[in-house]
Amino acid sequence: MARVLVGVTGGIAAYKACELVRLLVKGGHEVVPLVTPGAERFVRAETFFALARLSPSDDLYVHLTRADLLVVAPLTANTLAKLAHGEADNLVAEAALAHRGPVLLAPAMNPRMWAHPATQANVEAVRSRGAAIVGPGEGETAEGEWGLGRMAEPEQIYARCRELLGETDSLAGREVLVSAGGTREPLDAVRFLGNRSSGRMGVALAEVSRRRGADVTLLAANLTVPPPPGVEVVETPTAEAMLEAALARRGADLVLMAAAVADYRPVERVDAKRPKDERTWQVELEPTHDVLQSLGERRTNGQVLVGFAAETGPDGLARAREKLSRKRVDLVVYNDVARADIGFDSDENEVVLVTASGERRIEKAPKDRIAATIVDTAEELLRERA
Ligand code: CTP
């Protein structure tokens with residue numbers, strides 16, 4: 001589920017924005033309506049809040065909410081001019097200045113206003129800064145003129161929203177199992193052996209898969225980031241819990257094992273808190289079961305298994321390649337965790353995708369973009385298996 005700011009400015013097409021909000025909500029998105037006073041001359045803000053299943057907000061800064069997409073429908077010539085010039089004297093214009101991410105504009109105005117060079121220059125200005133424009137279409141306007149100026153239909157605007165949010169149906173009907181985070185192996189009631197994985201990469205993979213229509217289960221090992229909405233979350237704090245949950249879902253079409261699963265756990269687990277004393281504490285560790293390898297041994301036809309190799313040092317890539325065959329997986333995503341600028345607590349990553357047919361380096365990028373590339377490759381492998 002993405003969060004979408006829906007700006008509604010003053011035009012008769014505001015009534016069609018109701019349908020857009022309904023479609024977005026039905027598609028599982030969180031909608032924050034931003035209704036200008038001009039729009040309220042046509043449709044009351046309460047209508048949009050009701051359709052968005054929200055109570056009207058008294059939050060003064062609701063328009064500054066961080067969101068995945070800003071869509072303005074209808075966009076008047078006036079607000080378009082404000083956006084083009086970076087003005088900020090209405091909710092929508094302010095939101096547009098503060099928003100970082102895709103912007104979709106659905107202009108609606110009188111055809112002569114649309115054709116005016118001033119309007120066209122403003123369209124070019126916002127387009128050159130990356131805004132996507134949908135419509136306007138040709139037809140009869142509310143004031144009885146014919147020409148280009150009608151707002152695009154809500155279904156068409158919604159389809160562009162989905163594209164900009166990276167939503168497709170390419171994984172519709174597919175079960176995707178993702179693991180994320182790092183397991184913690186208890187030493188006693190309060191202490192554990194853990195690792196530095198935040199879960200960001202796995203959460204990004206779960207989110208991308210869901211946006212492509214998959215049924216996603218997320219095996220969550222002590223995440224430090226919130227899981228994405230719209231996925232089933234199973235808490236798997238230890239390697240043992242992760243193994244059990246993964247084997248119960250071993251029929252998944254695609255498995256993305258991004259979690260850092262402990263390779264060892266304490267042999268002896270003390271139920272109470274071990275009191276401190278002056279002696280040394282010797283802990284004996286035993287190997288855990290390898291979850292990915294266990295899935296690899298039981299793999300079913302057509303299934304695609306993806307493993308991750310967090311390595312350090314110059315021969316890391318060679319070890320990643322070796323994991324491909326040892327764990328019987330289709331893709332190993334290698335990253336060098338010795339680098340401080342990527343990996344563990346970072347929002348960015350740089351990886352090499354290792355498959356039987358070769359290697360592909362993905363340059364440093366935000367984890368959600370890396371996740372999209374990994375899922376693209378996994379989808380290619382799924383198609384090959386079919
Ligand atoms: N993995 C797993 N179960 C484990 C350990 C690891 O499923 N008990 C998975 C991880 O989720 C990851 C992949 O195996 O997808 C690679 O994990 P890593 O620890 O890098 O590899 P190991 O097989 O433990 O190899 P080594 O530590 O010897 O390099």
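For ligands, and for the atoms within them, numbers begin at 1 and follow the listed sequence. Remember, predicted model here, so these are calculated numbers, not experimental data.
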Trainee: Answer yes if the side chains of E379 and S170 hold a donor-acceptor pair under 3.5 Å, and no otherwise.
Mentor: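 Yes, because at least one side-chain N or O of E379 sits under 3.5 Å from a partner of the opposite role on S170.
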Trainee: Return the residue, atom name and 0.1 Å-rounded distance of the protein heavy atom closest to atom 19 (O) of ligand 1.
Mentor: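 Nearest protein contact, heavy atoms only, for atom 19 (O) of ligand 1 is D263 OD2, 3.7 Å.
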Trainee: Could you tell me which atoms of ligand 1, counted from 1 in the order shown, lie closer than 4.0 angstrom to a heavy atom of V261?
Mentor: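 In order of number, 2 (C), 3 (N), 4 (C), 5 (C), 8 (N), 11 (O).
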Trainee: Taking only Lys NZ, Arg NE, NH1 and NH2, and the carboxylate oxygens of Asp or Glu, determine whether R319 and E322 approach each other closer than 4.0 Å.
Mentor: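 Between E322 and R319 there is no salt bridge, as every charged N stays at least 4.0 Å from the carboxylate O atoms.
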Trainee: Tell me the salt bridge (charged side-chain N to carboxylate O under 4.0 Å, His left out) pairs involving residues 64-75, sequence neighbours left out?
Mentor: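 Checked against salt bridge (charged side-chain N to carboxylate O under 4.0 Å, His left out) - neighbours excluded - the pairs reaching residues 64-75 are D68-R211.
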Trainee: Between E124 and R127, does any NZ, NE, NH1 or NH2 come within less than 4.0 Å of an OD or OE carboxylate oxygen?
Mentor: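 Here R127 pairs with E124 in a salt bridge, since their nearest N and O are under 4.0 Å apart.
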Trainee: Going by distance only, is there an N or O of F308 that falls short of 3.5 Å from an N or O of ligand 1?
Mentor: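 Yes, at least one N or O pair falls under 3.5 Å.
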Trainee: Give the residue, atom name and distance (to 0.1 Å) of the protein heavy atom nearest atom 8 (N) of ligand 1.
Mentor: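 For atom 8 (N) of ligand 1, the nearest protein heavy atom is H289 O, 3.1 Å.
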Trainee: Can you list the ligand 1 atoms lying under 4.0 Å from a non-hydrogen atom of E311?
Mentor: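 Result: 29 (O).
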Trainee: Salt-bridge test for R200 and D368: reply yes if a basic N is under 4.0 Å from a carboxylate O, no otherwise.
Mentor: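 The answer is no: the pair does not qualify as a salt bridge.
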Trainee: So which atom in V283 and which in P266 form the shortest heavy-atom distance, rounded to 0.1 Å?
Mentor: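 Closest pair (atom of V283, atom of P266, distance): CG1-CB, 4.0 Å.
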Trainee: Number the atoms of ligand 1 from 1 as they appear, then name those within less than 4.0 Å of a heavy atom of T288, with their elements.
Mentor: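 Within the 4.0 Å cut-off of T288, ligand 1 contributes 8 (N).
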Trainee: Do any heavy atoms of A262 fall under 4.0 Å from ligand 1?
Mentor: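 In this structure, A262 qualifies as a contact of ligand 1 - some heavy atom is under 4.0 Å.
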Trainee: In the protein, what heavy atom is nearest to atom 6 (C) of ligand 1, and what distance, to one decimal place, separates them?
Mentor: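 That would be K327 NZ, 3.7 Å.
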Trainee: With respect to V291, determine whether any N or O atom, backbone or side chain, lies less than 3.5 Å from an N or O atom of ligand 1.
Mentor: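 Yes, at least one N or O pair falls under 3.5 Å.
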Trainee: Using heavy-atom distances only, which candidate in A221, G307, S294, A259 approaches atom 10 (C) of ligand 1 most closely?
Mentor: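 Heavy atom nearest to atom 10 (C) of ligand 1 belongs to A259.
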Trainee: Tell me the nearest of R319, R326, K323 to atom 29 (O) of ligand 1, using heavy-atom distances.
Mentor: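 Result: the heavy atom closest to atom 29 (O) of ligand 1 is in K323.
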Trainee: For atom 7 (O) of ligand 1, what is the closest protein heavy atom, and at what distance to 0.1 Å?
Mentor: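 The closest one turns out to be L292 N, 2.7 Å.
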Trainee: Check the side chains of Q282 and T280 for a donor-acceptor pair under 3.5 angstrom, ignoring hydrogens and angles.
Mentor: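 No pair is found: no donor N or O on one side chain lies under 3.5 Å from an acceptor on the other.
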Trainee: As a quick check of understanding, evaluate side chain to side chain contact (heavy atoms under 4.5 Å, CB included) for D188 and D271, giving each step before the final call.
Mentor: CA-CA 6 Å; D188 69 8; D271 286 337; over 6 Å; no
